Amino acid sequence: MCYSSGSIDQAVNPCPMCKVYPHTKCPHIRETCRNRTAHPRMDVLYLTNAEVECFNGCGFCKWANTDPPAKMAGYHNPGWPGCCRPPTPSEYPFIQIAEWKAVSIVHRVPIPQDVEKLLASIHLPPLKPVGSQPTSPVGRSTPSKPSSP
């Protein structure tokens, strides 16, 4: 998620990726983009190692690279939908299916019903929490011994 460098939002909001993937200490790296052609009003603080691709890189530069109409470029650049701001329904195609859970949590927007149905139909194993250790089998207090012939 991009913020104007030095803004109050950047100072008071927690790391957007840590909202989705909690860590004991935020591991996310932030850099500053100073591209005055893409976003002439401000320097932009962005993530470089987010777990979700749409949150990596300067969202204002990403939006400028789509060659938007003049009313949404330069001084009026709103940034990448889902990264810098919540997406509007007409911008839902910009959000990849796998990114919707994070976009929903970070921007507090509902996941579209068709995407929700698709995500529910995909059966993936649950993710292990970061830093989790393998556990020993239940009920086994000593290592098993090979059976004797």
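Values in this document were obtained by computation on a predicted structure and should not be read as measured data.
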Problem set entry | side-chain contact (heavy atoms from CB on, under 4.5 Å) assessment of R85 paired with E91 | CA-CA 11 Å; R85 59 188 171 83; E91 296 169 328; 2.7 Å; yes

Same cluster (ILVMFWY, side-chain, under 4.5 Å), [X] and [Y]:
X: Y46; Y: V106; answer: no
X: Y92; Y: W80; answer: no
X: L45; Y: L47; answer: no
X: I105; Y: L118; answer: yes
X: Y3; Y: M17; answer: yes

Using a 3.5 Å distance criterion without hydrogens, assess whether the side chain of [X] forms a donor-acceptor pair with backbone atoms of [Y].
X: W63; Y: M72; answer: yes
X: S104; Y: V109; answer: yes
X: R36; Y: M42; answer: yes
X: H107; Y: C84; answer: no

Kindly give the heavy-atom pair with the smallest separation between [X] and [Y], and that separation in Å.
X: I95; Y: G82; result: CD1-CA, 3.8 Å
X: N77; Y: A38; result: ND2-O, 2.9 Å
X: C2; Y: V44; result: CB-CG1, 3.5 Å

Problem set entry | Verdict with reasoning, E51 to V20, per side-chain contact (heavy atoms from CB on, under 4.5 Å) | CA-CA 9 Å; E51 291 89 342; V20 181; over 6 Å; no

Donor-acceptor pairs under 3.5 Å, side chain of residues 54-62 to any protein atom, not counting sequence neighbours: which ones?
{"from": "N56", "atom 1": "OD1", "to": "N49", "atom 2": "N", "distance (Å)": "3.2"}
{"from": "N56", "atom 1": "OD1", "to": "A50", "atom 2": "N", "distance (Å)": "2.6"}
{"from": "N56", "atom 1": "ND2", "to": "A50", "atom 2": "O", "distance (Å)": "3.1"}
{"from": "K62", "atom 1": "NZ", "to": "C54", "atom 2": "O", "distance (Å)": "2.9"}
{"from": "K62", "atom 1": "NZ", "to": "N56", "atom 2": "O", "distance (Å)": "2.6"}

For this session: Show your reasoning for whether side-chain contact (heavy atoms from CB on, under 4.5 Å) applies to H23 and H28.
Result: CA-CA 10 Å; H23 299 278; H28 300 104; 3.8 Å; yes

For this session: Please report the C-alpha distance between R30 and C15 in whole Å, then the side-chain angles of each, then the deciding distance to 0.1 Å, and finally whether the side-chain contact (heavy atoms from CB on, under 4.5 Å) criterion is met.
Result: CA-CA 10 Å; R30 299 169 197 263; C15 171; 3.2 Å; yes

Exercise. At what distance, to the nearest 0.5 angstrom, does CG of D43 lie from OG1 of T32?
Worked result: 6.5 Å

